[in-house]
There are 2 protein chains.
Amino acid sequence: MPKTAPPDPPSAPDGATAARRRYGGVAAEQRADERRTRLLDSAMTLFAAQGYARTPIEQLCADARVTARHFYELFDSREALLAALYDRIIDELNSEALSALQAAAPNPQALVTRVVGSVMRHYVGDARRARIGVLEVVGVSAAMEQRRRAAIHGVARLIEQHLNQRVRADELPPRNYRLISIAVVGGINELLAEWLTAPNPPQIDVLIDEIALMCQALLTGAAAFAGSTAAAAPPHSMP
Amino acid sequence: MPKTAPPDPPSAPDGATAARRRYGGVAAEQRADERRTRLLDSAMTLFAAQGYARTPIEQLCADARVTARHFYELFDSREALLAALYDRIIDELNSEALSALQAAAPNPQALVTRVVGSVMRHYVGDARRARIGVLEVVGVSAAMEQRRRAAIHGVARLIEQHLNQRVRADELPPRNYRLISIAVVGGINELLAEWLTAPNPPQIDVLIDEIALMCQALLTGAAAFAGSTAAAAPPHSMP
DNA sequence: GGTATTTGATAAGACGTCTTGTCGGAATTA
DNA sequence: TAATTCCGACAAGACGTCTTATCAAATACC
């Protein structure tokens with residue numbers, strides 16, 4: 001029985017591309033957005049609670065009340081979901097840092113303390129955020145590592161730009177501060193990992209004070225090296 | 001045909017526990033050691049070249065000329081092999097750091113520069129070592145992360161002990177330097193990751209100078225904070 | 001020389017997850 | 001009301017790896 005190919009529907013209902021219908025009173029796009037939001041929320045909770053590696057798609061879908069098919073319409077893979085979540089986390093972190101950096105401060109020391117405090121408090125404010133951003137995205141894949149390192153670069157660049165401002169204000173010797181900035185971000189990241197995994201971590205304020213003090217010490221020491229060896233070193237590559 | 005159970009061999013040839021025979025002129029224990037060494041060497045090369053995640057046991061065995069059965073006699077899993085390799089790497093790193101720290105130096109500044117230089121040069125001397133120790137062990141599993149953090153703690157403890165020596169010599173204000181030490185190790189680690197993944201990294205000496213300078217700045221700054229806020233802070237927990 | 005052990009190689013089962021496909025039913029538009 | 005689209009649930013194939021079992025050949029002991 002030669003069954004002829006089904007006739008092409010008249011209005012090209014590709015499902016994904018065209019002519020999506022309202023359902024339950026909400027537009028197709030909005031429904032997709034809601035699913036996406038639910039998935040991101042579930043991922044935020046489940047990835048933080050039991051780890052990314054131990055959270056199968058099935059569980060994410062169940063928690064978010066989304067079917068597997070819809071999941072794959074929104075994300076190519078579980079890792080893509082993690083990447084989207086991480087991007088959101090890092091975007092918020094950068095916004096927080098930027099606004100804190102631009103706020104007025106009586107003196108440079110106070111600015112450092114304030115920025116460190118507000119950024120850290122924001123990051124740790126939602127425990128899930130820090131846990132995912134610091135611990136869970138680590139080592140997932142080569143692509144994810146690249147993304148993570150790019151995020152570190154982003155934050156480091158904020159620091160570097162601020163240091164360059166201080167150079168222009170003659171508070172610091174002119175120099176390429178790129179690597180130092182990266183090291184600072186790496187150090188803070190390590191301290192956060194420490195804090196997150198410690199059995200009975202101290203108050204977050206202890207950590208914040210420690211970080212702020214470290215930054216101050218670094219700045220004080222750097223200012224003392226005005227005529228040092230590498231002060232006029234050429235700009236580093238390592239992009 | 002009821003085949004009776006095979007009689008227990010008289011001398012308890014458990015294979016693993018007792019009475020192993022010589023073969024090819026070498027003792028059983030030595031044969032196992034050689035297999036173990038070959039596996040560790042192959043792991044060092046393959047994990048560094050193509051990554052831990054993309055190196056199946058089969059390939060390790062083929063490269064090391066060891067069969068899967070022997071692999072499982074020596075290691076419980078692929079991760080156990082990575083752990084053994086990592087332990088070896090970290091042990092060597094600590095030895096290097098310890099001997100560099102105990103060497104005589106004309107002044108404290110020179111000591112820092114020398115220690116940083118020799119440790120870094122050792123670590124990067126074999127590119128496979130740094131790549132595995134810095135990049136590949138990351139995020140493999142919860143157990144592996146714990147091991148990695150323990151290794152960071154170990155190196156940080158060396159730094160901390162050295163700083164406490166300087167406190168006793170009145171070169172630094174008394175204080176708990178544990179978290180700062182951890183942050184320094186984290187920062188260096190991040191710089192190494194940066195260096196290892198950069199498309200065209202600079203000479204390693206550039207990185208070493210940068211790290212040494214950072215340590216100097218940190219020390220100078222810390223010394224300037226003799227009467228600071230957290231100077232007499234109680235010892236942190238976070239074990 | 002005969003028997004037992006070790007070895008190397010292959011094969012096959014197990015495992016957990018991803019990914020896609022199908023189905024009836026619900027909601028919507030015409 | 002009829003046709004269409006969307007939803008939720010289930011299931012089955014695919015995939016890659018781990019892990020164990022089997023077997024013949026090489027080697028050592030008696």
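Protein chains get the first letters and strands the later ones, always in sequence-line order, with residue 1 at the start of each. Keep in mind it's a predicted model, so treat the numbers as computed, not measured.
- Of the candidate nucleotides D:dT20, D:dA9, C:dT20, D:dA9 has the atom nearest to the side chain of A:T67.
- Side-chain contact annotation: B:T45 with B:R128, donor-acceptor N/O pair under 3.5 Å present.
- Summarising the geometry, the separation between CZ on A:F71 and C1' on C:dT20 is reported as 14 Å, rounded to the nearest angstrom.
- Look at A:R78 and you'll find a side-chain N or O under 4.0 angstrom from OP1 or OP2 of C:dC18.
- Applying the 4.0 Å criterion to OP1 and OP2 of D:dC7, one finds that A:R35 has a side-chain N or O inside that range.
- One atom, CD1 of B:I57, and another, P of D:dT17, lie 11 Å apart when rounded to the nearest Å.
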Pair up each side-chain donor or acceptor in residues 60-70 of chain B with any protein partner under 3.5 Å, not counting sequence neighbours, and list the distances.
from  : atom 1 : to    : atom 2 : distance (Å)
B:D63 : OD2    : B:S42 : OG     : 2.6
B:T67 : OG1    : B:H70 : ND1    : 3.2

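- Atom pair B:Y72:OH and C:dG13:C1' shows a separation of 13 Å (rounding to whole Å applied).
- At whole-Å resolution of the value, CD in A:E34 and P in D:dC7 are 11 Å apart.
- Remark: A:R65 is not in phosphate contact with D:dC7, judged by side-chain N or O atoms under 4.0 Å from OP1 or OP2.
- Atom CG in B:L39 sits roughly 12 Å away from atom P in C:dG8 (whole-Å rounding).
- Here the C1' atom of nucleotide C:dT19 and the CD atom of A:E58 are 13 Å apart, to the nearest Å.
- If you measure from atom CZ of A:R54 to atom P of C:dC15, you get 20 Å, rounded to the nearest angstrom.
- Both B:R69 and B:D76 sit near DNA chain D, but only B:D76 has its closest nucleotide nearer the 5' end.
- Note: NE2 (A:H70) to P (D:dT5) measures 15 Å, nearest angstrom.
- With sequence neighbours left out, the side-chain contact (heavy atoms from CB on, under 4.5 Å) criterion links B:Q50 to B:L46, B:T55, B:Q59.
- A salt bridge is absent between A:E34 and A:R31: the closest approach of a Lys/Arg side-chain nitrogen to an acidic carboxylate oxygen does not fall below 4.0 angstrom.
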